[in-house]
Amino acid sequence: MAIILVSCQGNPDQGSEGGDSLVSAVKPLKADLIQPKGTNVAERIAVPKGFERIPVENGSYEAYLRQIPLKPHGSKVHLFNGELKAKEVYEAVLDVDVGERDLQQCADSVMRLRAEYLYGKGWYDKIHFNFTNGFKADYATWAKGNRIEVTGNKVSWVKRGASSNSYEGFRSYLNMVFAYAGTLSLAKEMEHITLSEMRPGDIFLEGGSPGHAIVVMDMAYNPKNGEKLFLLAQGYTPAQEMHILENPANGKGNPWYNISFGDKLQTPEWKFTNEQLFRFYTL
């Protein structure tokens, strides 16, 4: 089967710069919820009045996302080549390197966060992603000294060295995954869920070429009426630092999205439907 290289591209239904009007099922909430001294997601972005963050289990992927370090307040998003991202559509920048090649784009950023969590836990056998042609690239095989050889449309494992779980080797593995996996393959590795089931770590995903993927970083709820909010983060193309997206409807200062957004979720650079929410299969 053919190997298809895909990336996040501009969507004809993209945000405000695409000429589409912003339509929401809820009223915009203007507020300044940014805490400049905060060093991670939980500390930097406060919840609106009347809300509290949803409970998460210590050591879970949800807790991991909430504690991911952020760059200092006011930092700009840089591309892999050091240039600045043209559109400032973000409230914060994740302190996670983007690498020096044009590889870590949208789906790659989603995979990076997931893989980093599993690697940090030492759950090496749970780190695996498929290439667009269906080839299973698992880190456990890579860590045994095997490497992936691509010749035309043929993909195979080749023994190249000694076993190692070094972080440098892990990042090399991810670069290989980023080169040959994308939204098309990622969509086949996840289960579709409903908005009512949403948890941090879930993914809004449109598989295709172009396609896009963004991750739910955190959630909050109103204990009086059950209303739920969520934060989103993305990578994009060209490869760039991951960032917490602003909510165009709320304006600067309040990046929370309401789960009752209607049929379409309008983010700054992509529009998703309310049926495009996915989750990694259970560990």
Side-chain angles (χ1 to χ4, degrees), residues 24-35 37-70 90-96 109-118 120-121 123 126 190-205 213-234 242-250 253-262 264-267 272-283:
S24 175
V26 294
K27 292 179 63 176
L29 177 59
K30 305 294 183 180
D32 188 359
L33 304 174
I34 306 303
Q35 311 299 308
K37 294 183 179 180
T39 60
N40 58 36
V41 175
E43 294 176 355
R44 178 74 58 82
I45 304 172
V47 298
K49 184 178 180 180
F51 286 82
E52 41 188 82
R53 281 182 154 85
I54 65 168
V56 297
E57 183 179 347
N58 289 336
S60 66
Y61 185 46
E62 299 160 324
Y64 169 80
L65 293 175
R66 186 175 282 177
Q67 298 300 320
I68 283 184
L70 300 176
Y90 47 88
E91 290 283 5
V93 184
L94 276 61
D95 194 4
V96 179
S109 297
V110 168
M111 293 185 282
R112 172 77 186 276
L113 293 177
R114 177 73 167 181
E116 288 280 1
Y117 168 72
L118 296 173
K121 286 286 187 180
W123 296 342
K126 298 184 183 298
M190 310 184 84
E191 59 179 328
H192 177 263
I193 61 171
T194 63
L195 289 178
S196 62
E197 300 173 283
M198 182 192 290
R199 298 286 297 181
D202 292 338
I203 311 297
F204 281 98
L205 173 66
I214 55 177
V215 58
V216 177
M217 291 291 290
D218 203 356
M219 292 186 67
Y221 76 107
N222 186 321
K224 291 185 177 181
N225 59 20
E227 187 178 3
K228 293 181 180 179
L229 308 175
F230 58 96
L231 295 175
L232 295 171
Q234 72 169 17
M242 289 177 261
H243 42 282
I244 304 292
L245 287 170
E246 66 181 16
N247 182 339
N250 292 339
N254 180 8
W256 292 96
Y257 288 77
N258 196 300
I259 201 169
S260 300
F261 55 78
K264 302 286 186 179
L265 173 64
Q266 182 73 69
T267 72
F272 296 91
T273 74
N274 58 12
E275 297 181 348
Q276 291 180 315
L277 184 62
F278 293 82
R279 176 176 295 165
F280 282 103
Y281 285 110
T282 306
L283 293 175

> Which residues satisfy the side chain to side chain contact (heavy atoms under 4.5 Å, CB included) test with P69, sequence neighbours excluded?
D95

> Checking T194 now: which residues fulfil side chain to side chain donor-acceptor pair (under 3.5 Å) with it, not counting sequence neighbours?
S196, E197

> Going by the rule side chain to side chain donor-acceptor pair (under 3.5 Å), which residues pair with E91 if we only count those two or more places apart in sequence or in a different chain?
none

> What residues form a side chain to side chain contact (heavy atoms under 4.5 Å, CB included) with N274, not counting sequence neighbours?
L195, F261, D263

> Do V215 and F204 come close enough that some side-chain heavy atom pair is under 4.5 Å?
no

> I'd like to know if the side chain of W256 reaches the main chain of A46, judged simply by a donor and an acceptor atom lying under 3.5 Å from each other, with no hydrogens or angles considered.
yes

> Under 4.5 Å between any side-chain heavy atoms of I34 and P255, yes or no?
yes

> What residues form a side chain to side chain contact (heavy atoms under 4.5 Å, CB included) with S60, not counting sequence neighbours?
V56, E57, E62, A63

> Could you pull out all residues at least two apart from N247 that satisfy side chain to side chain donor-acceptor pair (under 3.5 Å)?
none

> Kindly indicate whether the side chain of V216, heavy atoms from C-beta on, has any atom under 4.5 Å from the side chain of M198.
yes

> Quick one, L33 and V47 - any side-chain contact, counting heavy atoms below 4.5 Å?
no

> Looking only at heavy atoms, what is the nearest atom pair of E52 and P223, with distance?
OE1-CG, 3.8 Å

> With a 4.5 Å limit on heavy-atom distance, are the side chains of D218 and R53 in contact?
yes

> Any side-chain heavy atom of I214 sitting closer than 4.5 Å to one from L245?
yes

